[in-house]
Amino acid sequence: MARYAKEHQQVTRQRIIEAAGHRFKEDGIDGSGISTLMSGAGPTNGAFYAHFAPKDDLVAGVVAEEPRAQTARCRTFQPGRPGPEDLVRAYLSAEYRDHPGAGRPSAAPLDEIDRCGHGTKRAYTDGARALIDAIAARLAPEDPRAAGGKAIGLFSMLVGTLQLSRALSDRRLADEMLEQGIKNALTFTS
């Protein structure tokens with residue numbers, strides 16, 4: 001019975017993290033209250049505190065989990081030019097721009113992460129570092145360390161371009177932002 005309870009807790013915790021990740025990307029961290037987060041995850045508000053002390057614990061959990069999934073996806077892209085090109089086109093797509101809840105966590109409002117506690121910032125930093133390392137391994141599989149600077153530049157360009165495109169009210173300019181971002185980012189992949 002104790003084993004089931006522990007597994008059940010882990011499944012519930014993961015479900016809360018996934019629902020919160022979607023909600024944070026959609027409405028922002030500050031725009032997501034506990035009741036809204038829990039309504040998307042299933043359990044009651046009271047169940048939240050069985051898994052997370054304050055909301056900051058949940059934010060840190062989401063910020064840690066989301067980049068893991070993104071890094072795992074990045075590792076599925078081929079090494080060499082085709083893989084990073086696929087990554088760029090997937091990241092800078094109108095689909096992710098227009099549906100932030102299904103989009104990339106690195107393009108979530110970074111100013112909100114900046115206002116979070118040390119644990120959340122550390123989780124984001126660890127996730128960003130892992131993703132940068134995965135990008136470097138795609139750019140130069142024979143020597144990923146040599147591609148570290150390019151990977152940082154590419155990551156920065158992708159995140160910045162997607163955030164800027166989301167912030168624009170002019171759809172045509174937002175589309176041009178993505179198209180030019182793709183062209184610029186592809187220079188890092190050669």
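Index from 1, following the sequence. Just so you know, these numbers use all the heavy atoms, side chains as well, and skip hydrogens, waters and symmetry mates.
Side chains of L92 and E179 form no contact here, defined as non-hydrogen atoms less than 4.5 Å apart.
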Which pairs of donor and acceptor atoms, one on a side chain in residues 143-162, lie under 3.5 Å apart (sequence neighbours left out)?
| residue | atom | partner | partner atom | Å |
| --- | --- | --- | --- | --- |
| K150 | NZ | S190 | O | 2.8 |
| S156 | OG | I152 | O | 2.9 |
| T161 | OG1 | M157 | O | 2.7 |

For residues 129-136, which side-chain N or O atoms pair as donor and acceptor with protein atoms under 3.5 Å away, sequence neighbours left out?
none

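The side chain to side chain contact (heavy atoms under 4.5 Å, CB included) search around L164 returns M177, not counting sequence neighbours. Taking D98 as the reference, A94, R171 meet the side chain to side chain contact (heavy atoms under 4.5 Å, CB included) condition, with sequence neighbours excluded. Contacts of T189 classified as side-chain hydrogen bond (donor to acceptor under 3.5 Å, both in side chains), with partners at least two apart in sequence or in another chain: R81. In this view, Q180 and K183, N184 satisfy the side chain to side chain contact (heavy atoms under 4.5 Å, CB included) rule, not counting sequence neighbours. Applying the side-chain hydrogen bond (donor to acceptor under 3.5 Å, both in side chains) criterion to D126, with sequence neighbours excluded, gives no partner residue. Under the rule for a side-chain hydrogen bond (donor to acceptor under 3.5 Å, both in side chains), the partners of R97 that lie at least two apart in sequence or sit in another chain are S165, D175. Partners of R115 under the salt bridge (Lys or Arg N to Asp or Glu O under 4.0 Å) rule, at least two apart in sequence or in another chain, are D30, D111.
Separating the CD atom in E85 from the CG atom in L186 is a distance of 5.0 Å, to the nearest 0.5 Å. Taken to the nearest 0.5 Å, the CG atom of L87 stands 9.0 Å off from the OG1 atom of T76.
Looking at every heavy atom in both residues, Y96 comes nearest to R73 through OH-NH1, 4.1 Å.
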